[in-house]
Amino acid sequence: MSSTPDNPFNFEASAASDESIRDAHAKLQSQKPDKPGGYSALPLVLLGLMCAIVFFGSIYMVHYSIRFDPLVVNSHANRAKPGNTGPVQLTRAQLGKSIYLANCATCHQPNGMGVPGAFPPLAGSEWVMGSEERIIRIVIHGLQGPITVKGNEYNNVMAPLGAVLKDEQIANVLSYVRQEWGNTAPDVEPATVTKVRADTATHTGYWTAPDLLKIGN
Ligand code: HEC
C-alpha cells in the first residue's frame, strides 16, 4: 500500500501488510500447544506409572495377605508378643488347620473323607492314627501304588511336599489330621520330622505302602 490520491494520508502505511498478517497468523498457528487429536507425553507417562503401581500393589497385597483365617490371625497375634497372656494359646493341631486347607484338602477334602476310588480318607484312617514315622515319610517324599485304607484299596499317587513344607509345618499339619474329625492320636513334634528328614536324606522317589509297613510300628 502506498499513498494515492484517494488515500492522501496513507492511513495504512504504518499498519500491517497482508503478508505480515498472514505471517503472524502462521507463527501463532505453529505455536499452539494443543494440536487437535494429539496427546502430550507427560500425562500418558503418569497414567502408565499409576497403572503399574496399582497392578504391582495388588500382587503385593495378594502375596502378603493372610487370607483372614482367624487361626492364622490369632497365631500371629500370639507370636507378636512372647509374654502374651491372652486367652488363646493355639495347639499344634489348630496351627495345622490352615496348612491342611492349603496343601492337603484339594485331595483329602476339607472334611478328611477323601474321594472314593481316588483319594483315601484321613478321617478314621489307621495310617493317620498309626506310626508317625510312616506319615511323616508320606508327606516328605510322597506315596504311590496300592494301599489299603479303612478296608478300601487305592492305587494312586500323592506328590511329595517335603520341599514345600518346613518341619514345623509338617508337624502341625500331621497333628491336625491326627486330632480332627474324631481322630485321636498325639501331636507330631517338629524334632521328629527333622530326624526323619535326616534319616531319609538319601531316599529318592515315592514311598510305597509295603515299604512303609517295614518301618515304625
Ligand atoms: C495331589 C493330591 C494329594 C494331596 C495334595 C495330598 N495327598 Fe495325601 N494322599 C493322596 C493319595 C492319592 C494317597 C494314596 C496314594 C496311593 O494310592 O498310594 C494319599 C495318601 C495319604 C496318606 C496315607 C493314606 C491315608 O489315607 O491315611 C496320608 C496320611 C496322607 N495322604 C496325608 C496327606 C497330608 C497330611 C497332606 C497335606 C500335607 C496330603 N496327604 C496331601 C493324595 C494327596
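Order of appearance sets the numbers: ligands from 1, and atoms from 1 within every ligand.
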How does [X] reach ligand 1, if at all, at less than 4.0 Å between non-hydrogen atoms: by side chain, backbone, both, or neither?
X      : value
Val149 : side chain
Ile170 : neither
Asn155 : backbone
His108 : side chain

As a quick check of understanding, evaluate side chain to side chain contact (heavy atoms under 4.5 Å, CB included) for Ile147 and Leu143, giving each step before the final call. CA-CA 9 Å; Ile147 181 173; Leu143 179 70; 3.7 Å; yes
Tell me, with the steps shown, if Gln179 and Asp187 meet side chain to side chain donor-acceptor pair (under 3.5 Å). CA-CA 8 Å; Gln179 289 161 28; Asp187 276 357; 2.7 Å; yes
Of the choices [options], which has the non-hydrogen atom that lies closest to [atom]?
atom                    : options                       : result
atom 34 (C) of ligand 1 : Gly124, Gly162, Cys104        : Cys104
atom 28 (C) of ligand 1 : Leu161, Leu122, Asn172        : Leu122
atom 2 (C) of ligand 1  : Cys107, Gly96, Ala118, Ala105 : Cys107
atom 26 (O) of ligand 1 : Pro160, Gly145, Pro121        : Pro121
atom 17 (O) of ligand 1 : Asn156, Thr148, Thr106        : Asn156

So how far is it from Thr208 OG1 to Gln144 CD, rounded to the nearest 0.5 Å?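 Thr208 atom OG1 to Gln144 atom CD measures 8.0 Å (nearest 0.5 Å).
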For Tyr176 and Lys97, the nearest pair of non-hydrogen atoms, with its separation, is CE1-CB, 3.6 Å
Lys195 bridged to Asp199 by N-O distance under 4.0 Å: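 The answer is yes: the pair qualifies as a salt bridge.
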